[in-house]
K.L.:
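Structure in C-alpha coordinates, see below.
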Amino acid sequence: MDYKVVVTRDAEEDFERFINYLLYEKKSFQAANNLLNDYDTTIESLRHVAGSLKLCDNPKLKKFQYRRINFLNHRYFMLYRIKDDMVIVDSIFHELQDYENKMY
(Lines give C-alpha, C1' and ligand atoms only; values in the text may rest on other atoms or scores of the structure.)
Protein backbone atom coordinates (compact mmCIF):
# COMPACT_ATOMS: atom_id res chain seq x y z
CA MET A 1 0.00 0.00 0.00
CA ASP A 2 1.26 3.45 -0.87
CA TYR A 3 0.55 6.34 1.45
CA LYS A 4 0.10 10.03 0.91
CA VAL A 5 2.75 11.83 2.99
CA VAL A 6 1.82 15.10 4.69
CA VAL A 7 4.56 17.09 6.41
CA THR A 8 3.21 19.40 9.10
CA ARG A 9 4.33 23.00 9.44
CA ASP A 10 6.19 22.09 12.66
CA ALA A 11 8.16 19.39 10.85
CA GLU A 12 8.91 21.76 7.98
CA GLU A 13 10.25 24.29 10.48
CA ASP A 14 12.38 21.59 12.15
CA PHE A 15 13.94 20.70 8.82
CA GLU A 16 14.39 24.33 7.83
CA ARG A 17 16.42 24.92 11.02
CA PHE A 18 18.78 22.06 10.10
CA ILE A 19 19.22 23.35 6.55
CA ASN A 20 19.81 26.92 7.77
CA TYR A 21 22.40 25.66 10.24
CA LEU A 22 24.31 23.95 7.44
CA LEU A 23 24.01 26.92 5.10
CA TYR A 24 24.67 29.82 7.47
CA GLU A 25 26.61 28.40 10.41
CA LYS A 26 28.65 25.73 8.65
CA LYS A 27 28.57 27.59 5.33
CA SER A 28 28.22 24.36 3.41
CA PHE A 29 25.85 24.44 0.45
CA GLN A 30 26.92 20.89 -0.44
CA ALA A 31 26.04 19.52 3.02
CA ALA A 32 22.64 21.27 2.92
CA ASN A 33 21.99 19.94 -0.57
CA ASN A 34 22.96 16.41 0.46
CA LEU A 35 20.62 16.58 3.45
CA LEU A 36 17.80 17.87 1.24
CA ASN A 37 18.31 14.97 -1.16
CA ASP A 38 18.28 12.52 1.75
CA TYR A 39 15.05 14.12 3.01
CA ASP A 40 13.43 13.62 -0.40
CA THR A 41 14.56 9.98 -0.48
CA THR A 42 13.20 9.41 3.03
CA ILE A 43 9.81 10.91 2.10
CA GLU A 44 9.64 8.67 -0.97
CA SER A 45 10.54 5.62 1.11
CA LEU A 46 7.92 6.56 3.69
CA ARG A 47 5.24 6.41 0.98
CA HIS A 48 5.94 2.71 0.60
CA VAL A 49 7.08 1.42 4.01
CA ALA A 50 5.29 3.55 6.62
CA GLY A 51 2.95 0.80 7.78
CA SER A 52 5.71 -1.78 8.13
CA LEU A 53 7.79 0.18 10.65
CA LYS A 54 7.16 -0.51 14.33
CA LEU A 55 5.62 1.85 16.84
CA CYS A 56 8.06 3.80 19.03
CA ASP A 57 9.15 2.07 22.23
CA ASN A 58 8.58 5.15 24.40
CA PRO A 59 5.16 4.72 26.09
CA LYS A 60 4.12 8.35 25.52
CA LEU A 61 4.95 8.19 21.83
CA LYS A 62 3.43 4.74 21.45
CA LYS A 63 0.19 6.00 23.00
CA PHE A 64 -0.12 8.45 20.10
CA GLN A 65 0.84 5.78 17.54
CA TYR A 66 4.15 7.41 16.57
CA ARG A 67 6.62 5.60 14.38
CA ARG A 68 10.14 6.58 13.37
CA ILE A 69 11.97 6.48 10.05
CA ASN A 70 15.68 7.25 9.86
CA PHE A 71 17.23 9.17 7.00
CA LEU A 72 19.34 6.84 4.87
CA ASN A 73 22.61 8.78 4.89
CA HIS A 74 22.35 11.28 7.75
CA ARG A 75 21.73 11.18 11.49
CA TYR A 76 18.22 12.58 11.28
CA PHE A 77 14.83 10.94 11.54
CA MET A 78 11.13 11.69 11.23
CA LEU A 79 8.41 10.94 13.75
CA TYR A 80 5.13 10.20 12.03
CA ARG A 81 1.72 8.68 12.53
CA ILE A 82 -0.63 6.95 10.13
CA LYS A 83 -4.24 7.94 9.62
CA ASP A 84 -6.06 5.82 7.04
CA ASP A 85 -3.97 6.08 3.85
CA MET A 86 -2.09 9.17 5.01
CA VAL A 87 1.24 9.50 6.78
CA ILE A 88 1.56 12.62 8.91
CA VAL A 89 5.12 13.70 9.70
CA ASP A 90 4.92 15.76 12.88
CA SER A 91 8.60 16.29 13.69
CA ILE A 92 12.11 15.89 12.35
CA PHE A 93 15.03 15.46 14.75
CA HIS A 94 18.75 14.90 14.78
CA GLU A 95 19.47 11.63 16.59
CA LEU A 96 21.39 13.43 19.35
CA GLN A 97 18.35 15.49 20.34
CA ASP A 98 16.21 14.54 23.33
CA TYR A 99 13.18 14.03 21.12
CA GLU A 100 11.18 11.89 23.56
CA ASN A 101 10.85 14.78 26.00
CA LYS A 102 10.26 17.38 23.30
CA MET A 103 7.25 15.65 21.84
CA TYR A 104 5.10 15.72 25.00
K.L.:
Quick one: pull up NZ in Lys83 and CD1 in Ile88 and give me the separation to the nearest 0.5 Å.
P.N.:
6.0 Å
K.L.:
Could you give all pairs that pass the side-chain hydrogen bond (donor to acceptor under 3.5 Å, both in side chains) test and reach residues 18-38, with sequence neighbours left out?
P.N.:
Asp38-His74
K.L.:
Assess whether side chain to side chain contact (heavy atoms under 4.5 Å, CB included) is satisfied between Lys60 and Tyr66, documenting all intermediate values.
P.N.:
CA-CA 9 Å; Lys60 289 184 210 173; Tyr66 276 109; over 6 Å; no
K.L.:
Side chain to side chain contact (heavy atoms under 4.5 Å, CB included) between Val87 and Arg67: does it pass, once the steps are laid out?
P.N.:
CA-CA 10 Å; Val87 170; Arg67 299 166 192 253; over 6 Å; no
K.L.:
Salt bridge (Lys or Arg N to Asp or Glu O under 4.0 Å) with Glu44: which residues, sequence neighbours excluded?
P.N.:
Arg47
K.L.:
Just so I know, are the side chains of Phe15 and Leu36 near enough to count as touching, which here means a heavy-atom distance under 4.5 Å?
P.N.:
yes
K.L.:
What closest approach, in Å, do Arg68 and Leu79 show between heavy atoms, and which atom pair accounts for it?
P.N.:
CB-CD2, 3.9 Å
K.L.:
Keeping the roles fixed (side chain from Tyr3, backbone from Ile82), state whether a donor-acceptor pair exists under 3.5 Å.
P.N.:
no
K.L.:
Any chance you could measure Leu72, atom CG, to Thr41, atom OG1, to the nearest 0.5 Å?
P.N.:
7.0 Å
K.L.:
Give me the atom names and distance for the closest heavy-atom approach of Thr42 to Asn70.
P.N.:
CG2-O, 4.2 Å
K.L.:
List the atom pairs, donor and acceptor, that lie under 3.5 Å between side-chain atoms in residues 5-14 and the rest of the protein, sequence neighbours left out.
P.N.:
unit_1: Thr8; atom_1: OG1; unit_2: Ala11; atom_2: N; d: 3.2
unit_1: Thr8; atom_1: OG1; unit_2: Val89; atom_2: O; d: 3.0
unit_1: Thr8; atom_1: OG1; unit_2: Asp90; atom_2: O; d: 3.4
unit_1: Arg9; atom_1: NE; unit_2: Glu13; atom_2: OE2; d: 3.4
unit_1: Arg9; atom_1: NH1; unit_2: Glu12; atom_2: OE1; d: 3.1
unit_1: Asp14; atom_1: OD1; unit_2: Arg17; atom_2: NH2; d: 2.5
unit_1: Asp14; atom_1: OD2; unit_2: Ile92; atom_2: N; d: 3.0

K.L.:
Please tell me if the side chains of Leu23 and Phe29 come closer than 4.5 Å, counting only heavy atoms from C-beta onward.
P.N.:
yes
K.L.:
Would you say that Tyr99 contacts His94 through its side chain, given a criterion of any heavy-atom pair below 4.5 Å between the two side chains?
P.N.:
no
K.L.:
Answer yes if Leu55 and Leu61 sit in the same cluster of Ile, Leu, Val, Met, Phe, Trp and Tyr residues linked by side chain heavy atoms under 4.5 Å apart, and no otherwise.
P.N.:
no
K.L.:
Return the CZ to CD distance between Arg75 and Gln97, rounded to the nearest 0.5 Å.
P.N.:
11.5 Å
K.L.:
Atom CD1 of Ile43 and atom OH of Tyr80: how far apart are they, to the nearest 0.5 Å?
P.N.:
11.0 Å
K.L.:
Among Phe77, Phe93, Tyr76, find the residue that satisfies the ring-ring contact (aromatic ring centres under 6.0 Å, His included) test when tested with Phe18.
P.N.:
Tyr76
K.L.:
Examine Ile19 and Leu96 and state if one hydrophobic cluster contains both, with Ile, Leu, Val, Met, Phe, Trp and Tyr joined whenever side-chain heavy atoms are less than 4.5 Å apart.
P.N.:
no
